[in-house]
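The next block holds one structure in the form of structure tokens; read it before the comments.
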Amino acid sequence: MNAIASHYPSQHSGRHPHRRRGLVLALSATLAVTTFAACDRTSGSPASPTQNANAKDVTLAITSNSIAGGKNADEADWYKNYVIPNFTKAQKAKGVNVTLTFQPSGVDDEQYKTKLALDLKSKSGADIVALDGIWVGEFAQAGYIKPLSDVVGSDVTTWEGWSQIPKAVQANSSFEGKTYGIPSGTDGRVLYLNKKLFAKAGLPTDWQPKSWQDILDAGAKLKSLPGVDPIQINAGTAMGEATTMQGVLPLLAGAGTEIYSGNKWQGNTKAVRDVLTFYQTLVKQGLENTDFQQAAKGRDESFAAFAKGKIGILLEGDYFWRSVINPKNGDAAMATRDSDVGWAAIPSQQPGTGIGGSDTVSMSGGGGYFLNPNTKYPQQAWELLQFLGSADAIKALLGGTARITARQDVNTEVLSTDPLLTFISEKVLPVTHYRPGLAVYPQVSQALQQATADIVSGKSVDDAAKAYQTAVEKAVGADKVSAS
Amino acid sequence: MSAATIDAAGLGRRRAMLLVAPALILITAFLVIPALWTVYLGVTDYRLTGIQAANPQFVGLDNYRAALVDPAFRNALWLTLVFVFGSAIVGQTGAGFALAWTLRSVPKIVRTVVQTLVLLAWILPSSIVAFLWVAYLSRDDGTLNAILHTGGTDWLLAHPMLSIIVFNTWRGTAFSMLLFSAALGAVPPSQLEAARLSGAGTFAQLRDVVVPHIRGHVLTNTLLISLWTFNDFSPYLLTAGGPNHASEVLPVFIYNEALYGGQLGYGSAISFIMLFINLVIALFYVRLLRERR
């Protein structure tokens, strides 16, 4: 604003213009509006494990991408109603006054990740942070998180919970063989279907497609219903990782390849082109509403549309079932969920073409809780971490509902109570795959998202695949990309 | 400049320096150092996460070279020029002048009401304004669709650039309107009267009487709003640069590359290119201003 103040009077009083003054004015006006605030990189060593170990007054904070009344509301409520009062009480019994706060967040995962990266980079942020498993590598390499044994000490291996957590799930909070946090669970992906719309379109409500073509055929029938978008398989860059995880990767698995195997990333390969061709068919035949794939809030819009009964088939994880369309507290609550929504396993391109010759495929992920290496109270934060991973706390989070937790002892108790989770644990988890735990993965994922965005906006499969190849080579190096 | 020999304020060199020191310190801390820091980051492969976050390497001019051949950067630069031309130079200047000119001859109450409304669009916080526009342009139950009976049109997807240009014109016209109102007030009524008496129409009055008087104001106004618009981030709040980069103006492009994509080094290099373009724009206008005298 001082640019106005300093410049404006010169119109009237500047009868004797000075060359240099004009330049200075131009410069100051420019600088005043263009400065790109750079962040400081302070270096410092993390706190020692024993720091404040005997403190009687302790302040701790925990953050995750959940917020009361919004995203992952049940988790946010759990912190408020269970974790904070119970942990505080347990510590009080030991004579320690803990002030524990929860820092909520209700945004897209990528934005949450950026916020956390900036927090940790500036040596601030909550003492315990919830992270998606695929971010562990890049956060660890950046030094934003440190192995538990560095932050807390070698005692971490004695926690009772480790024996309850399967190795595949522990990988969600590990990087290069080191454990950085406690995993919070895993998940599986299926095709959800609206049984009412299926009945109206003359399709069986116990539908199980055997190939991609079966999905397209069902979509063609659903298309005859007015006001209905037949299929929602995420595409585009606005959806971020949801495009990769609920779109490209399950399809790629169905075409018989993992995104990374044998030390090579998929480039412009036949499998990638097949996946892009499938997307193109969805778009060309009008089976998928391209607005959802392009709008800034398209994923939320597609959820709302499904809840209103306007989408026939939607590919999502069990998160969708328990957090999004949950009639009790979902962010797009669907009152008739239990009667109207069915599910099917994701078919391979053709029967038997999935990875390892499977007929159906899925992808799984999962996150965990991690210690901020700059916590002032490493021991107390570790106690809180164990508390979060205890069987009692996890059961309190479930509150009678089911989800695939990290702990086997809890899973055997709860999974059988929910028909979808039973289906996922019996039919989906045996054929599921995990994303590579490499720091560069998110960049490859973004290239995949861009390739689908290109298809949705009308580019040819060849052009999109070529651009994808270039982007992946830039991210990982040309020698690590396979193309054929 | 001979400031050393002429000491009009009688402060003496020491006290004069003390007087400007706070301002200089602030400018150094918040403008010069960040700008230099940007230059430094621009020649590294610094990233938000991963190994390059802990250990950025010097890459010389690679980022600049990459930007010049990056179709996404060229796309962003082009869209920014379209955005500045459409919403600042044509939209805000045009609407601002039209408002200032018409409001001279309307009843005071009308003038006050219109000016207040236009000002309101300018002073409301961006986040609130963006929310209003998202609701206004929404595909489902949006106000614009209700008015035009175009149910189901997603304006932000179908016409992303037009949407943000109209939005920014609406948002920023107040500044031009105020500046031109003040400028028009300084045009001697006697000259306008004389022009009218000798039979000049509205256009001739504007061309021969008004424009020569307010030319400096036009240039100042255009300079400031071009720079503001060039650096304006609020389109992000409407379209986030989408669909598929169709409204990704440079500030949004930098945000997407640097923070969303984590490429802080590349983002910094582009920031510096932006700074340079700003400087060129500013110098261009300053030169025009000088020629007038």
Side-chain angles (χ1 to χ4, degrees), chain A residues 3-4 7-8 10-12 14-15 17-23 25-41 110-111 113-114 117-118 121 135 137-139 141-144 236-238 240 290-291 293-297 301 439-440 442-443 446 450 453-454 456-457, chain B residues 1 27 30-35 37-38 40-41 47-54 66 134 139-140 154 156-157 179 216-217 220 223-224 227-228 230-231 238-246 254 258-262 264 267-268 271-272 274-275 278-279 281-283 285-287 289-290 293:
Chain A
I4 309 171
H7 200 137
Y8 186 62
S10 74
Q11 301 306 302
H12 301 288
R15 293 283 166 229
H18 299 296
R19 251 190 125 71
R20 216 176 304 164
R21 182 151 158 227
L23 185 71
L25 283 171
L27 249 170
S28 62
T30 309
L31 274 175
V33 287
T34 53
T35 310
F36 178 75
C39 303
D40 187 21
R41 264 181 325 119
E110 276 70 19
Q111 289 170 351
K113 172 187 165 191
T114 301
L118 293 171
K121 172 188 175 60
W135 305 336
E138 47 178 331
F139 274 60
Q141 281 190 340
Y144 297 161
T237 47
T290 51
D291 287 0
Q293 328 310 327
Q294 298 190 312
K297 293 268 162 236
E301 287 173 20
V440 76
Q443 293 177 57
Q446 280 183 3
Q450 182 59 51
D454 287 346
V456 170
S457 62
Chain B
M1 299 281 263
I27 288 174
F30 293 107
L31 291 176
V32 179
I33 292 178
W37 189 242
T38 306
Y40 161 69
L41 289 182
R47 290 187 64 92
L48 183 61
T49 58
I51 224 150
Q52 298 97 328
V134 167
R139 180 188 50 213
D140 308 314
D154 197 325
L156 292 174
L157 292 182
L179 199 137
H217 298 82
T220 310
L223 164 69
L224 289 173
L227 288 179
W228 287 337
F230 195 83
N231 299 297
L238 290 190
T239 64
N244 202 19
H245 312 288
I254 290 174
L259 293 174
Y260 182 78
L264 294 178
S268 298
S271 297
F272 187 72
M274 256 187 97
L275 192 87
N278 273 297
L279 203 63
I281 297 176
L283 282 174
Y285 283 122
V286 167
R287 178 151 286 233
L289 263 179
R290 205 181 297 124
R293 290 162 177 151

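Proteins come first, then strands; the chains are lettered A, B, ... in the order of their sequence lines, and each starts at number 1.
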Exercise for review: Give the member of A:S457, A:G143, A:G240 that has the highest number of heavy-atom pairs under 4.5 Å with chain B.
Suggested key: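 The answer is A:S457.
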Check your understanding: Pick from A:Y144, A:F139, A:W135: which one has the most heavy-atom pairs with chain B under 4.5 Å?
Key ->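 The candidate making the most pairs under 4.5 Å is A:Y144.
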Exercise for review: Starting from the C-alpha separation in whole Å, work towards a yes-or-no answer on side chain to side chain contact (heavy atoms under 4.5 Å, CB included) for A:V456 and B:N244.
Suggested key: CA-CA 9 Å; A:V456 170; B:N244 202 19; over 6 Å; no
Going from [atom1] on [X] to [atom2] on [Y], what distance comes out if it is rounded to the nearest 0.5 angstrom?
{"X": "A:D291", "Y": "B:L157", "atom1": "CG", "atom2": "CG", "value": "5.0 Å"}
{"X": "B:L48", "Y": "A:K113", "atom1": "CG", "atom2": "NZ", "value": "7.5 Å"}
{"X": "A:Q294", "Y": "B:D154", "atom1": "CD", "atom2": "CG", "value": "9.0 Å"}

Point to revise | B:I51 versus chain A, the contacting section by heavy-atom distance below 4.5 Å | key: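 Interface part for B:I51: both.
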**Study point:** A:A295, part contacting chain B, at a heavy-atom distance under 4.5 Å
**Key:**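 Contact with chain B is through both the backbone and side chain of A:A295.
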Exercise for review: Applying side chain to side chain donor-acceptor pair (under 3.5 Å), name anything that partners A:E301, two or more places apart in sequence or on another chain.
Suggested key: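 A:E301 satisfies side chain to side chain donor-acceptor pair (under 3.5 Å) with B:R139 only.
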Point to revise | Minimum heavy-atom distance between B:A240 and A:A296, given as atom pair plus value | key: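 B:A240 and A:A296 have their closest heavy atoms at CB-CB, 4.1 Å.
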**Study point:** For the student: nearest non-hydrogen atoms of A:Q446 and B:Y260, plus distance
**Key:**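 Closest pair (atom of A:Q446, atom of B:Y260, distance): NE2-O, 3.5 Å.
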Practice item. Using the side-chain hydrogen bond (donor to acceptor under 3.5 Å, both in side chains) rule, pick out the option among A:Q141, A:E138, A:K121 that qualifies with B:T49. Key: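 Among the candidates, only A:E138 passes.
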Exercise for review: Would you indicate whether the side-chain heavy atoms of B:R47 and A:Q443 approach each other to under 4.5 Å?
Suggested key: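 They are in side-chain contact.
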